[in-house]
Amino acid sequence: MLHTAIDNDERAVASSPIMELRGIKMHYPVAKPMPFAPKKVVKALDGVDLKVLGSQTLGIIGESGCGKSTLARVLSGLEKPTEGKVLFDGVDINELRGAERAAMRRNIQLIFQDPYASLDPRMTVEQILSEPFEIHPDLVPKGGRKAKIAELMELVGLNPDHLGRYPHNFSGGQQQRIGIARGIALNPKVLICDEAVSALDVSVRAQVVNLLQDLQRELGLSFVFIAHDLQIVRHISDAVATMYLGRVVEQGSYAQVYDHSSHPYTQALLSAAPELRQGSNTARELIMLQGDPPSPIDPPAGCRFHTRCPIAQPSCSASEPDLEETAQGHQVRCFFPGPLAGRLN
Amino acid sequence: MLGYTLRRILQMIPVLLGATFIIYALTFLMPGDPIAALTGERPLPEATVAQIRQAYHLDDPFFVQYGNYILGVFRGDFGIDFFGRPVLDLILERLPVTFALAVTAWGLKLVIGLVIGVYGGLRAGKAADHFALVFTVLFMGIPGFVIALGGQTYFGVHLGWVDPAGIRAGWPMAFILPALVMALEAAAGLARLTRTSLVDVLRAEYLRTAKAKGLSPQRIIWGHALRNAMIPVVTYLGLSLAGMLGGAVIIEAIFNLPGIGGLMVASINNKEGTVVVGIATLLVLVYLVFNLLVDLTYGLIDPRVRI
Amino acid sequence: MTQLLEVRDLRVQFSTAQGTATAINGVNLSLEHGQSLGILGESGSGKSVTARTIMGLLDMPPAKINGGEILLEGEDLLTATAKRRRQLTGPVMSMVFQDALSALNPVHPVGRQIGELYRVHRGYSRKAAKAAAIEMMDRVRIPAAASRVNDYPHQFSGGMRQRIVIAMALALDPQLLIADEPTTALDVTVQAQILELLKEQQAENNMGLILITHDISVVREVTDQVAVMYAGRIVEQGPTAHVLGDPRHPYTLGLSQSVANEDLKGRRLPAIEGSPPDLLALPRGCSFANRCPLADEQCSSSAPPLESVGAGRTSACFHSGKVASNVAYSN
Amino acid sequence: ATGCSSSGGQAGASSGNGDASLSFMTTEPKSITPQKDPGSQIGMALCANLMEVNSQTQKLEPLAAKSVESKDAKVWDIELQDGWTFHDGTPVTAKSFADAWNATATGSNAWQGNGTFVAFEGYDKMNPLDGSKATADKLSGVKVVDDTHLQVTLTAPNADFPKILSTNPTCPMPESAFKDLDAYEQAPVSNGPYKFISWDHNQQVVLEKWDGFKGGDGFTGGAKTLVGKIYTAVDAAYTDMTAGNLDMIRNVPATMVDKAKSQLGDESLYEVKTASKQQTLQIPEYVKELKSPALRKAISLSIDRDAISKSLLKGYSTPSDSLVPPSLASYVAGSCEDCVFDPEKAKKILADDGGFDGTLIIESNSASDQQLVQAIAKQIQDNLGIKVQLKPTLGTELSERRNNQKLDGAVFGLWGWSYMSPDQYLSQYETGGDGNAATGYSNKEVDKLLKAARGELDEAKATKLYSQAESIIMKDMPAIPLFIPTDFGLQSKCAQLNDVQGDLQYYRAGYGC
Amino acid sequence: MSTTITTISTSDGADAVDRAPSPMRGAHRRWWLRPRFAISGTIVLLMILMAAFPQIFTGFGPGPTENCDILLTNQPPSAAHIFGIDIQGCDYYTNIIYGARASILVGIVVSAIAFGIAAVVGAIAGYFGGWIDALISRICDMAFGLPFILAAIVVLQLFGQRNIWTVIFALALFSWPGGVRFMRSSVLEVRNREYVQAAKLLGASNGRIIKKHIVPNAITPLLVLQTLGVGGMISAEAGLTFIGIGLTPPAVSWGLQLAAARDYIDAAPHLLIFPAIFLTVTVLGFVLFGEALRDEFDPKGK
Ligand SMILES: Nc1ncnc2c1ncn2[C@@H]1O[C@H](COP(=O)(O)OP(=O)(O)OP(=O)(O)O)[C@@H](O)[C@H]1O
Ligand SMILES: Nc1ncnc2c1ncn2[C@@H]1O[C@H](COP(=O)(O)OP(=O)(O)OP(=O)(O)O)[C@@H](O)[C@H]1O
Ligand SMILES: [Mg+2]
Ligand SMILES: [Mg+2]
């Protein structure tokens with residue numbers, strides 16, 4: 001049985017980055033209208049630098065389509081970025097080959113949004129959970145696998161007697177637990193959760209979030225946590241990055257980003273969440289963003305947010321601001337950072 | 001749309017080349033010597049045979065023959081048959097008949113298949129649905145020539161409604177009966193597809209929206225369900241027309257329609273390689289064009305498909 | 001004055017391969033003109049089925065309405081003729097669906113889909129219907145509506161599509177609008193826009209609104225009244241602020257507690273353990289008993305009725321008095 | 001029957017304004033130039049040959065020729081009729097024939113009539129057997145003496161030469177034809193009783209009686225218009241006839257006869273009087289296992305021809321007991337002693353011969369007579385107790401295998417004559433003769449007898465020589481005679497079919513409405 | 001102050017309920033009681049039995065070509081010969097029973113081959129995409145575009161002796177492209193499923209992913225298609241034989257019987273009627289069986 005209370009300050013101790021993204025660009029080609037027409041691309045990620053610190057949680061927030069899932073795929077090594085480096089322990093994972101790559105594979109795992117879709121419906125839980133060990137036979141000797149699988153089941157709070165069942169025999173929350181068990185089977189260092197709790201009911205969501213936090217404490221995992229539920233991201237994260245149109249526009253500790261956000265987009269985003277407005281210690285007023293995010297095929301010139309920014313100045317469309325440090329560990333990509341209150345017309 | 005079409009046309013070239021190559025190679029491999037068979041029981045003198053071979057380039061190595069053939073095709077020259085008639089003429093003479101037959105059959109199949117399919121789909125799971133299934137599959141199961149001969153005797157000879165054989169009556173009278181037979185045989189697949197697709201669509205959320213708008217059932221079915229149900233059906237429809245062009249051999253023979261089918265069988269029997277390949281080339285071309293048309297139509301009825 | 005909507009003891013069952021599932025097990029609801037009611041509950045609790053039953057959109061079979069009344073401005077919908085129902089759906093009551101992409105017919109331009117309402121219910125000409133559709137699209141703030149009226153659903157973003165669905169629902173200025181999870185698929189910024197739009201339209205037209213969701217903060221934000229559903233039943237109902245601030249049913253309490261908040265940072269979240277009962281075999285007693293911290297013998301032997309627990313409030317719990325002080329969910 | 005064309009036919013059955021019209025079944029002609037497709041009924045109607053069989057007298061008579069004569073059967077003098085013209089009015093001259101013959105004998109033209117001229121002097125130069133290039137482009141044996149006289153020299157005496165002149169490959173062609181053969185192909189001009197009107201590909205060919213024809217009765221038919229309706233299969237034609245859309249069908253399969261009797265009435269059936277065809281099982285000499293004459297005889301004895309003829313063939317075939325059909329003068333009844341059914345004797349002969357433990361392969365054309373071949377095979381297998389395997393192949397392939405001597409076993413086949421002469425049958429067993437490739441049978445004695453018979457102008461003597469040859473061949477039994485099929489035609493009420501020496505020709509049918 | 005009653009989040013199977021049961025499981029229950037399944041299944045079973053052990057049905061009587069009497073040719077049905085006598089004078093009932101073998105064998109083997117090829121090739125095309133997919137798709141186009149009859153005739157011409165295996169070969173050669181397309185599109189659907197990505201993340205090789213995840217999950221529609229196709233192939237064999245390019249005697253098959261019967265439609269209609277009935281019922285059986293299977297496997301089914 002796991003401990004119930006987690007010391008907040010204990011985790012806040014800064015550790016060295018276990019993963020790092022450097023200048024990541026992920027461009028997807030768009031189908032050409034004519035056989036010899038010029039090439040066009042979707043710039044899903046367009047220059048992203050991020051650090052994932054050891055045993056910490058990095059939360060990522062942003063509107064739909066801003067590139068969060070793409071980031072998750074690039075981080076996990078499912079996709080090779082068009083440009084830039086994905087460093088794990090200082091080594092670019094995309095340069096690794098053969099055995100080294102296989103070994104690296106174990107270190108980064110991804111938990112998917114839809115718990116049911118991420119489990120092969122034709123496999124029993126036992127088959128699903130033994131797959132990692134079949135692929136990496138050296139990890140656990142054949143005889144010990146059964147025990148290891150049972151241990152995993154227990155770890156995520158599932159009854160090992162249910163190993164013979166199929167995914168559809170489980171509830172959504174339980175399915176997500178199976179997914180998590182598979183994710184941690186290989187003892188990864190980094191677990192990426194792309195909306196891993198979005199599909200779950202509130203009460204179940206709470207259970208899974210608790211489980212993730214328990215695991216982090218127990219196993220020293222690092223998390224990259226992507227979610228639409230901003231309150232949950234705040235709850236679980238040590239550091240948070242806000243993304244907009246393929247770029248990180250603000251990052252810092254959860255307190256810096258949530259309570260002292262300096263980028264107008266972050267502020268608008270947070271203000272839009274009713275759960276953050278209600279019963280929040282920081283007074284928030286709804287800042288309604290107009291319109292949809294521009295197309296990632298032709299992002300606006302200058303600051304990418306200027307088309308929807310409530311405090312945009314003509315200069316904003318001329319050039320793009322850099323991600324600049326406004327406080328210790330707090331970086332903002334804005335010419336006019338700071339609280340919006342009082343600056344809205 | 002234009003770009004898409006262009007790209008598709010470019011893709012056709014290798015397919016066309018490949019298909020003609022296969023058929024060419026196969027006819028080349030076929031046993032039996034067309035020249036030896038030319039004069040029946042009396043073997044031709046060697047020299048004559050050699051001379052004829054030369055005239056038809058049959059003595060060239062296979063790849064040279066094929067190459068020459070393809071070059072000819074690109075110039076619109078499909079070669080000549082052993083009686084000196086241009087193959088293209090032979091085919092084009094008969095193509096309209098097969099075309100008329102296939103299109104008529106296709107149209108009838110469309111009507112029969114859609115009506116039965118929609119009928120079954122709207123009453124999915126009920127007796128009418130099962131009846132529709134058995135009806136269509138029954139026609140699929142009974143050998144086509146049985147239906148054909150029966151229809152020919154009854155409607156053609158007994159009742160005298162149509163000419164039992166030949167195309168003298170012209171379109172549509174000469175084609176109705178054979179086309180109907182083909183349509184009945186082929187309607188089962190369409191009916192099933194339509195039914196399945198319609199049942200799927202009837203479960204769709206947007207039909208619920210339509211109901212929530214207070215629309216009448218007729219309006220819901222005609223205005224919202226059918227067009228969506230047709231989307232998966234269109235592919236099948238287009239390709240089946242191409243298939244009917246090449247698949248009417250038996251029906252053409254029974255109803256004495258001078259179409260491609262008879263020519264096809266006769267030329268294979270006589271080892272008229274150029275004719276066989278010519279037919280294959282044209283039919284593959286027709287198939288590819290239909291395929292393209294289908295996909296373009298697809299774009300028309302389903303706005304989500306961007307072409 | 002009559003209530004806008006009154007649902008009395010509604011019961012709906014589904015026949016499935018495994019047996020009969022009781023999806024709605026005696027639901028009572030009432031709504032006045034201009035009022036907004038939130039329906040909360042976890043997945044599978046029967047929120048959508050309730051909405052569909054009211055709208056007459058259930059597929060029968062497999063569904064079967066086993067009893068109850070649905071009175072729309074005093075007129076019983078369950079006994080009305082199909083034609084009469086059609087006259088009411090659209091002009092008097094309408095609905096917004098969750099998944100806006102699948103709720104719109106992919107092969108028709110959005111303008112046509114909105115305009116169809118005017119053509120069918122008001123007999124507009126094609127041209128007039130189109131003009132009305134543009135006006136409606138303007139009303140839900142679709143930029144450059146006139147130029148987008150001929151676009152197809154897939155050409156719009158998720159938020160815009162949802163607005164079009166709302167435009168369709170509002171087109172004939174209905175008295176009652178049922179919105180079934182209108183923002184679940186959307187991200188927060190768009191959600192804020194949509195909720196704002198709904199609130200505004202409701203106020204403008206003095207329309208009754210039923211908002212179905214499992215997001216407590218959304219209910220808090222938008223509605224005056226809230227009903228909490230559990231396993232096909234309303235377990236608690238009353239003014240939103242009161243019900244959520246001071247729950248009288250352990251399930252309501254569990255729901256409101258399991259949401260993260262700033263003060264819980266760094267701590268475990270309280271969660272309701274277990275899962276809802278099997279609808280194929282509902283327990284004899286209180287459906288929530290097996291998950292309830294307060295459950296005792298009475299709870300498992302008989303089902304608690306929905307009883308008044310204060311001004312305008314009802315709760316279906318034998319221990320409604322003990323909830324606030326005595327329940328805490330583990331964390 | 002002729003001459004009633006003017007008596008005015010009823011409307012309906014006839015075309016247009018009361019003119020008598022008859023329609024007949026044909027397949028889409030590969031060509032309607034007689035030299036290219038000698039079997040074509042259309043070609044026959046278009047062309048008047050030098051000699052022809054009179055349909056009334058059944059005798060071979062000069063037609064376009066005034067006379068065809070020879071003293072030694074080797075050099076033949078031909079005198080043409082005076083004043084004959086082609087349909088277009090140009091005169092028919094000796095050159096018209098010589099030109100046509102030379103063109104037909106030119107190998108590279110690959111006209112089907114080519115082989116007809118094999119007996120002519122100079123043919124070998126135009127079609128060298130060893131594969132070398134042709135050294136001549138004209139038949140040296142054909143000499144145009146003057147406009148109405150031709151002299152033909154053969155490589156060896158052949159008394160049948162006048163009969164050869166009655167076959168279609170010897171048709172004349174007008175000079176205009178050679179200017180544009182392709183155009184001629186589509187609209188041939190000839191000298192026969194009917195002239196070409198139109199060819200609607202795959203639908204019909206229309207011919208019309210030519211007023212300028214100078215041949216007498218017995219060479220023409222009764223209808224003013226002849227319409228060859230094109231069918232791909234005889235079944236369709238039959239159905240069309242039952243629907244009243246067709247007047248004449250020839251080569252009606254036996255399976256159709258009973259049906260026709262009941263549906264169209266007895267009078268619709270025309271039975272060809274002179275049987276000209278025969279079905280045999282030929283046994284190639286080069287198939288080692290089947291070399292023994294005793295085995296062949298045993299096989300022959302094990303086939304119950306009567307039973308098959310009565311049941312399967314419904315009596316529309318008669319068992320054959322000779323290598324030639326009975327209609328030929330050289331026929332000797334029972335010349336094939338072992339063509340009776342005697343399974344006991346068969347087994348005994350086979351046992352005495354040492355038995356047979358291989359498999360008897362029977363090749364046949366997959367498109368025809370499948371049931372008959374099966375029945376025969378079954379008889380052999382059941383009655384003789386040897387294993388029989390069928391090998392049906394397509395016509396072209398079978399021809400090739402037969403001509404190139406690549407058969408794997410016995411081959412079932414049907415043989416018919418082009419003109420009525422024992423030579424047409426027996427040359428199959430002459431070294432290098434017509435159809436000899438099938439069996440490859442070679443016997444010097446037989447060769448000598450046949451050569452002598454051919455050169456014999458005295459018919460009685462020739463007949464004797466042919467019979468003699470046959471009895472020698474029969475000893476080796478390179479072919480097992482099976483059946484003489486009865487040939488049927490179908491006619492509507494208006495058509496009156498007749499045949500000339502076993503050949504039913506549409507254009508000579510009378511018009512009876 | 002508060003009574004903490006419930007256990008904590010790692011509580012085990014207490015809440016392991018059978019959630020919304022999958023449609024498949026439900027449908028599978030007593031499937032054999034469904035009329036469509038029962039009827040078609042019985043037909044299919046019967047026909048397969050007939051093909052495998054014709055002796056059972058002929059009561060250990062003589063084989064198809066034994067005890068024949070050519071003199072009895074084409075006799076109509078009688079008490080002794082319930083289906084009458086065929087052209088060769090043999091008992092027609094026996095013949096038809098033995099004829100099942102060729103038809104069923106062709107139907108099943110061709111479908112099985114097409115199934116195998118389509119499964120493998122379709123999986124490869126769909127999974128790898130790119131030029132492999134383009135190549136395979138173009139090849140499929142070729143095979144599709146060639147008129148089936150023409151291609152089959154030409155291929156059948158290549159064989160001197162045509163027997164059941166050559167017919168199977170010719171049919172199989174041109175009957176897989178449809179399956180490939182089918183398989184390809186269902187693989188395309190499965191390929192991007194999250195469980196496949198999860199396997200990739202675990203470091204699974206392409207081979208393993210295809211074998212363990214893609215094929216098992218994408219195969220059902222193809223399986224159903226090919227079951228439906230059995231009936232089609234049986235008809236196709238009969239059709240080829242009918243136009244004289246399929247089986248040749250002494251083989252016994254319904255196609256041959258129908259082809260032979262054509263000449264005797266009036267004289268001996270029983271020759272046509274009986275094999276036609278058998279063929280129709282068999283095709284019907286297999287098609288219905290495929291349909292029933294489809295309904296069983298279709299998650300949207302009921
Ligand atoms: N394989 C792909 N090909 C082309 N475009 C892609 C591809 N994957 C993602 N994109 C585009 O990249 C952008 C970012 O997508 P991504 O899925 O990362 O967004 P997201 O932030 O995860 O959104 P959501 O919150 O809706 O999941 C989108 O515009 C998307 O359309
Ligand atoms: N067509 C149907 N057939 C069988 N059971 C059904 C059907 N539709 C709904 N149900 C059942 O009725 C119950 C209530 O479903 P409903 O859709 O109302 O839940 P909900 O509260 O809207 O859940 P969610 O939040 O997931 O939308 C569920 O248990 C569901 O399984
Ligand atoms: Mg995403
Ligand atoms: Mg719902």
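Proteins get letters first, then strands, A, B, ... in listed order; numbering begins at 1 in each.
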Check: Y116(A) ring centre within less than 6.0 Å of F170(A) ring centre: no
Pair Q109(A)-S76(A), side-chain donor/acceptor within less than 3.5 Å: no
Toward chain E, the part of M104(A) with a non-hydrogen atom under 4.5 Å: neither
Residue L119(A) versus chain E: region with a heavy atom under 4.5 Å: backbone
Residue A102(A) versus chain E: region with a heavy atom under 4.5 Å: neither
Cationic N near anionic O, under 4.0 Å, R217(A) to D214(A): no
Presence of salt bridge, K146(A) and E126(A), under 4.0 angstrom: yes
Salt-bridge contact D133(E)-R184(E) (side-chain N to carboxylate O under 4.0 Å): yes
Distance-minimising heavy-atom pair for I111(A) and G179(A): CD1-O, 3.7 Å
Selection from I108(A), I128(A), V208(A), D114(A) maximising heavy-atom pairs under 4.5 Å formed with chain E: D114(A)
With sequence neighbours excluded, residues passing ring-ring contact (aromatic ring centres under 6.0 Å, His included) with F112(A): none
Residues 203-215 of chain E: residues contacting chain A (heavy atom under 4.5 Å, by number): G203(E), A204(E), R208(E), K212(E), H213(E)
Electrostatic pair D120(A):R182(A) at N-O distance under 4.0 angstrom: no
